[in-house]
Amino acid sequence: MDLATIIGILSGLGLIASSILMNGDFGIFVSVPSMMIVGGGTIAAILIAYPLKEALGVMRIGMKVFMSTKQNYMGLIQELAQIASIAKQQGVLALEAEAKKSKNPLIQQGLMMISDGFPRTTVVKILTSQITTMQNRHRAGREIFAEMGKYAPAFGMVGTLIGLVQMLAGLNDPSSIGPKMAVALITTFYGALLANLLFNPMATKLKRRSETETLEMRLIIEALLSIQDGENPKIMVDKLKVFLDRQLKAMVEKKMFKSPVPARKAA
Amino acid sequence: MDLATIIGILSGLGLIASSILMNGDFGIFVSVPSMMIVGGGTIAAILIAYPLKEALGVMRIGMKVFMSTKQNYMGLIQELAQIASIAKQQGVLALEAEAKKSKNPLIQQGLMMISDGFPRTTVVKILTSQITTMQNRHRAGREIFAEMGKYAPAFGMVGTLIGLVQMLAGLNDPSSIGPKMAVALITTFYGALLANLLFNPMATKLKRRSETETLEMRLIIEALLSIQDGENPKIMVDKLKVFLDRQLKAMVEKKMFKSPVPARKAA
Amino acid sequence: MDLATIIGILSGLGLIASSILMNGDFGIFVSVPSMMIVGGGTIAAILIAYPLKEALGVMRIGMKVFMSTKQNYMGLIQELAQIASIAKQQGVLALEAEAKKSKNPLIQQGLMMISDGFPRTTVVKILTSQITTMQNRHRAGREIFAEMGKYAPAFGMVGTLIGLVQMLAGLNDPSSIGPKMAVALITTFYGALLANLLFNPMATKLKRRSETETLEMRLIIEALLSIQDGENPKIMVDKLKVFLDRQLKAMVEKKMFKSPVPARKAA
Amino acid sequence: MDLATIIGILSGLGLIASSILMNGDFGIFVSVPSMMIVGGGTIAAILIAYPLKEALGVMRIGMKVFMSTKQNYMGLIQELAQIASIAKQQGVLALEAEAKKSKNPLIQQGLMMISDGFPRTTVVKILTSQITTMQNRHRAGREIFAEMGKYAPAFGMVGTLIGLVQMLAGLNDPSSIGPKMAVALITTFYGALLANLLFNPMATKLKRRSETETLEMRLIIEALLSIQDGENPKIMVDKLKVFLDRQLKAMVEKKMFKSPVPARKAA
Amino acid sequence: MDLATIIGILSGLGLIASSILMNGDFGIFVSVPSMMIVGGGTIAAILIAYPLKEALGVMRIGMKVFMSTKQNYMGLIQELAQIASIAKQQGVLALEAEAKKSKNPLIQQGLMMISDGFPRTTVVKILTSQITTMQNRHRAGREIFAEMGKYAPAFGMVGTLIGLVQMLAGLNDPSSIGPKMAVALITTFYGALLANLLFNPMATKLKRRSETETLEMRLIIEALLSIQDGENPKIMVDKLKVFLDRQLKAMVEKKMFKSPVPARKAA
């Protein structure tokens with residue numbers, strides 16, 4: 001579970017709810033037609049804008065925001081250092097066995113290609129296309145949320161316009177103006193809330209997720225190329241550390257010195 | 001038929017209509033001058049902004065959004081693998097016959113150039129310019145919809161301003177204020193609806209269509225170059241799979257193993 | 001005459017005018033101070049934002065939107081194919097005479113450089129800088145219209161604010177509120193109309209014009225380099241056709257086969 | 001003096017002032033608290049957003065918009081042609097004396113490096129970094145004006161909100177509503193006027209200035225490299241003319257033919 | 001302490017406060033529910049949008065805006081010139097000792113790699129990835145502030161909508177309209193103030209900080225490569241000066257001539 005997402009949504013809704021309850025009851029903020037216009041209009045626009053398969057995949061992508069993905073860079077670098085020293089000691093052909101042991105599909109694919117003797121440029125090309133393919137898949141999902149963040153307030157305004165027109169057209173009873181305008185404004189309120197408490201922040205988090213995954217894949221590719229070039233595992237680890245931020249770098253450095261990774265001996 | 005587009009537009013209009021009918025009748029939302037200003041103004045702006053030929057082509061491009069284009073990547077990869085193994089067995093000259101059999105104009109053109117012995121760089125240049133030309137053609141069409149998505153609300157506001165000025169200038173009968181303002185606001189309502197339920201989502205779908213077509217063309221070019229280079233069909237299929245997303249990749253893999261594609265034997 | 005521009009502006013103004021006349025007379029929409037603020041303010045902002053020479057050149061650039069420029073790609077390709085076959089038959093030195101015959105300054109300059117024996121890289125550099133220079137000149141002109149499309153509504157709002165402040169400051173006669181607010185809103189109406197029916201669409205059309213001209217210049221440069229390389233005129237025509245869209249391509253193909261262009265024989 | 005800037009600001013203010021005076025007196029548009037909020041708030045935001053040195057440098061950069069900088073491309077090309085023919089006749093070492101004669105720091109630096117025998121790539125790198133450094137310096141200054149163009153209307157709205165809250169909180173005297181709202185709106189008016197008649201146009205003009213200076217520097221670098229390569233001065237002038245627009249090009253051509261520039265003889 | 005930031009925030013708040021006090025007391029501008037919605041909503045959105053670690057790091061990053069970082073380019077160039085002349089006189093191996101003396105981690109890392117005999121391309125790659133890593137870290141922090149600058153006004157509007165709906169729904173007491181609308185508008189006021197006096201300017205300052213740090217790192221890398229290439233220290237200083245702006249350049253020139261830097265002798 002991604003705790004930040006859960007806390008954010010619950011605390012946001014809680015704050016809005018409690019500030020509503022401070023000045024009155026909740027009932028006036030519930031309006032079925034308003035929900036229909038904002039929710040339904042946004043969904044309709046997304047169905048027109050995106051292929052059916054992608055539009056239906058929104059729920060699944062949205063769930064990702066609630067699930068935590070912990071980056072274990074240290075473990076990853078240790079695994080890669082281990083593989084590098086095995087390649088150094090037992091030759092490139094030994095990598096096929098390593099490929100089967102690894103759980104990361106990118107490491108698997110890369111090691112298979114290296115042990116199959118693919119030329120370096122082909123390895124680079126195929127592995128980096130994997131990053132592009134992944135980024136495109138993520139971008140498509142993220143864009144749907146960003147679009148929903150635009151359509152929700154737009155249909156909020158559409159609903160408010162409908163309410164205002166209906167109120168103004170039948171302006172015979174002055175005492176009904178207030179409540180009718182209140183109902184009209186609720187649609188705008190729904191749109192603003194959905195966009196700013198759900199769709200826009202979720203689009204941002206999906207973007208960060210994609211960046212993190214890109215970084216990890218770039219780190220792996222860097223390591224695989226280093227292995228194919230037969231580079232010293234120590235130099236490889238030095239290169240990989242560049243990808244990490246300061247705190248992680250210090251941790252990796254400490255761990256690497258203590259742990260009897262073959263990479264250190266080979267240096 | 002692109003089901004998503006149809007469902008989206010019908011459900012969107014249905015939701016708006018039913019939420020209007022919940023609180024009154026439909027009549028007050030029909031205004032001919034408002035339609036004239038929003039529709040006519042948007043068309044006028046597009047006529048000024050784009051060459052006549054492109055502006056008139058909008059309808060035809062718009063129809064594309066309603067038509068479904070199913071990507072048959074598996075069939076495409078099988079066709080290309082077949083061609084690759086024929087080139088491997090019978091030589092490059094045999095490709096002229098294959099070019100005539102293919103229904104895809106890009107495959108035709110590419111095979112003709114390969115069998116004519118064009119140098120690799122020329123083949124790359126001409127084929128990739130085909131992508132650029134296609135993208136430019138699509139972009140031009142898409143941009144018109146995006147522009148209409150900007151002009152519709154703008155002329156909605158223009159119409160509302162006209163209504164407000166007329167109402168305010170003749171403010172002698174207070175009881176007429178409401179209905180007149182209602183009429184003025186309908187133009188803004190039309191503009192918002194057209195932009196958010198038609199023009200903007202259609203521009204997005206056209207963009208996705210272009211991306212899909214680009215991917216398919218890039219896949220074909222990759223395959224053609226692989227054929228020209230005389231690469232092993234198995235390696236070619238491996239390269240092409242990189243373009244596909246996960247689900248498709250699994251399907252291609254299964255199919256390829258079962259089907260007696262010559263590419264597998266040649267490997 | 002660019003018919004689309006004329007039709008667009010006339011029909012746009014006609015629609016606005018007729019929808020105004022449906023509900024009242026035209027008089028209330030004429031306000032000299034409002035025109036002064038929107039028109040004068042926009043001109044003032046442009047004078048501050050751009051060098052005097054460019055600001056004064058706006059009228060001349062604006063006229064371009066009303067003039068039609070028909071692309072005659074077929075004629076252009078025929079001319080270039082003719083030149084290519086002459087170069088093939090009579091040698092590069094014969095191009096000086098061809099340079100003088102051509103009416104296109106880019107063809108002239110290119111042929112002169114080729115017959116003068118300039119190295120290929122120099123020819124490429126000088127000719128492509130011509131594209132960049134042309135694009136920069138166009139961009140500068142187009143940007144002024146885009147800026148006017150931003151300043152017109154902004155000064156529309158400034159004028160409305162002035163009107164509102166004056167009305168609110170002297171609120172002793174309630175019956176004068178309506179007419180005064182009407183006058184205040186007219187400035188916003190002017191700004192919105194100028195931006196959406198003139199400045200913004202004109203900026204877009206100028207952009208399309210620039211793209212078309214760029215395409216034509218790139219086609220010419222491609223042909224000139226092909227001539228300098230002594231390529232077969234038939235291959236050259238094949239390369240040039242890539243630049244054209246589908247309809248044109250079919251036309252060029254038909255024409256080329258029928259017309260006794262030397263390029264076909266030389267192939 | 002940049003006449004366009006002066007005319008623009010004076011005519012803009014004059015138009016606003018006269019359209020105010022047409023409908024009342026000027027007094028109601030003067031409000032010290034509104035000025036404090038818009039002016040002070042904008043300055044405060046800039047102080048937070050930029051290093052103190054840059055924020056204080058705004059006045060000096062702003063003055064540049066009022067000063068005219070006439071480009072003398074013809075003189076520049078003549079000077080460079082002269083230097084080129086001297087280099088051709090007397091050798092590269094003679095350029096040290098020319099460097100001292102020139103008033104342009106970029107020409108000085110370039111000639112010094114050429115006469116010192118710096119390799120071509122170093123000359124290119126150092127001179128083009130001068131362009132980047134200049135552009136960064138300009139961009140920083142220009143961005144401050146663009147930011148002020150955003151903060152001024154934002155603080156205008158803040159001031160109007162303050163006024164509205166104060167008015168609404170003490171709504172016991174209905175007759176005071178109008179004048180108080182008028183005062184509240186003046187802050188928005190100030191913000192809009194500052195942004196659209198000062199900050200935004202000034203940011204644009206600074207951008208154009210930077211582009212012109214970049215063009216001039218690129219022209220000089222092109223010439224210096226031509227000199228270092230020992231190219232014919234005539235070819236150099238041909239290359240430089242590409243940078244100029246049509247009108248200037250015709251002028252340069254005429255002048256060059258008449259004036260006894262050594263470059264013509266050497267050709 | 002970054003004086004500009006402090007002065008900016010204090011003067012901004014002071015101006016707003018004093019302009020409020022001119023027309024009434026401060027009490028009506030304090031509203032706990034409004035603070036809850038704007039502050040809480042913004043924090044909630046950030047928690048959803050960013051990983052917990054980054055969201056919590058905002059305070060620490062925000063503090064950086066208040067701390068001054070003085071660039072000492074002169075000292076840096078002197079240090080690098082010193083190192084360059086030592087490398088020239090004592091060979092590359094002497095750089096390990098220099099690496100230990102330096103306080104700058106980038107200089108340390110670079111000198112270690114040079115003395116270890118890493119190939120040039122590896123040195124370039126690792127050092128420039130340090131810039132990219134630093135920029136990404138900064139960008140992540142800066143983006144959070146820019147996002148807060150968008151969410152604060154959005155939740156300001158949400159709060160105002162809540163207030164308006166509550167007011168309009170219970171419109172039985174006309175005299176309560178004013179005060180209730182005042183309270184509703186305060187939320188918008190809070191949002192606008194937070195965005196324009198805190199979040200947006202802070203995001204800009206963080207961006208400038210990042211640019212300055214990038215410049216410094218690029219200067220160091222330029223110097224280290226010059227050292228690795230065994231370039232003359234004088235030429236190195238010439239190259240480095242290009243990075244500085246005019247004022248600094250004059251200062252460096254003067255200092256360098258007076259100070260007995262070995263680089264001058266070696267020239």
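A note on names: the letters A, B, ... follow the listed sequences, proteins ahead of strands, and every chain is numbered from 1.
Interface residue A:M22: only side-chain heavy atoms are found under 4.5 Å from chain E. For A:N200, the parts sitting under 4.5 Å from any heavy atom of chain E are the backbone and the side chain alike. Heavy atoms closer than 4.5 Å to chain E are found nowhere in A:L13, neither backbone nor side chain. With a 4.5 Å cut-off on non-hydrogen atoms, E:T160 does not touch chain A at all. Contact annotation for A:E231: neither backbone nor side-chain heavy atoms come within less than 4.5 Å of a heavy atom of chain E. Heavy atoms closer than 4.5 Å to chain A are found in both the backbone and the side chain of E:A45. In this structure, chain A has heavy atoms under 4.5 Å from both the backbone and the side chain of E:M36.
Residue with the most contacts toward chain E among A:I7, A:I16, A:I28, A:V183: A:I28 (heavy-atom pairs, distance under 4.5 Å). For chain A, the option among E:G41, E:A44, E:A49 with the highest count of heavy-atom pairs below 4.5 Å is E:A49. For the set E:E54, E:M113, E:K180, the entry with the most heavy-atom pairs within less than 4.5 Å of chain A is E:E54. For the options E:P105, E:A140, E:G163, heavy-atom pairs under 4.5 Å to chain A are most numerous at E:A140. Ranked by non-hydrogen atom pairs under 4.5 Å with chain E, the options A:A182, A:S18, A:A203, A:G14 are led by A:A182. Between chain E and the options A:T5, A:L15, A:I9, the largest number of non-hydrogen pairs under 4.5 Å is found for A:L15.
Side chain of E:T133 to backbone of E:S129: a donor-acceptor contact under 3.5 angstrom is found. No donor-acceptor pair under 3.5 Å is formed between the side chain of A:S226 and the backbone N or O of A:E222. Checked by atom type and distance alone, the side chain of E:Y50 never pairs as donor or acceptor with a backbone atom of A:R208 at under 3.5 Å. Of the possible polar contacts, none joining the E:R142 side chain to the E:S210 backbone as a donor-acceptor pair under 3.5 Å is found.
With respect to E:R139 and E:E143, a salt bridge is recorded, a charged nitrogen being found less than 4.0 Å from a carboxylate O. Ion pairing between E:R137 and E:E213 fails under the 4.0 Å rule for side-chain N and carboxylate O. Looking at E:E96 and E:K100, a side-chain N of the basic residue comes within less than 4.0 Å of a carboxylate O on the acidic one, giving a salt bridge.
Within the model, atoms CD1 of A:I220 and CD1 of A:I77 stand 10.5 Å from one another, a figure rounded to the nearest 0.5 Å. E:L93 contributes atom CG, which lies 12.0 Å from atom CD1 of E:I114 (distance to the nearest 0.5 angstrom). Rounding to the nearest 0.5 angstrom, the gap separating the CD1 atom in E:I43 from the CD1 atom in E:I48 is 12.0 Å. Note that CG of E:L161 is 8.5 Å distant from CZ of A:F29, once rounded to the nearest 0.5 Å.
Residues of residues 145-156 of chain A lying within less than 4.5 angstrom of chain E, judged on heavy atoms, are absent.
Across all non-hydrogen atoms, the minimal contact from E:I221 to E:T128 is CD1-N, 3.9 Å.
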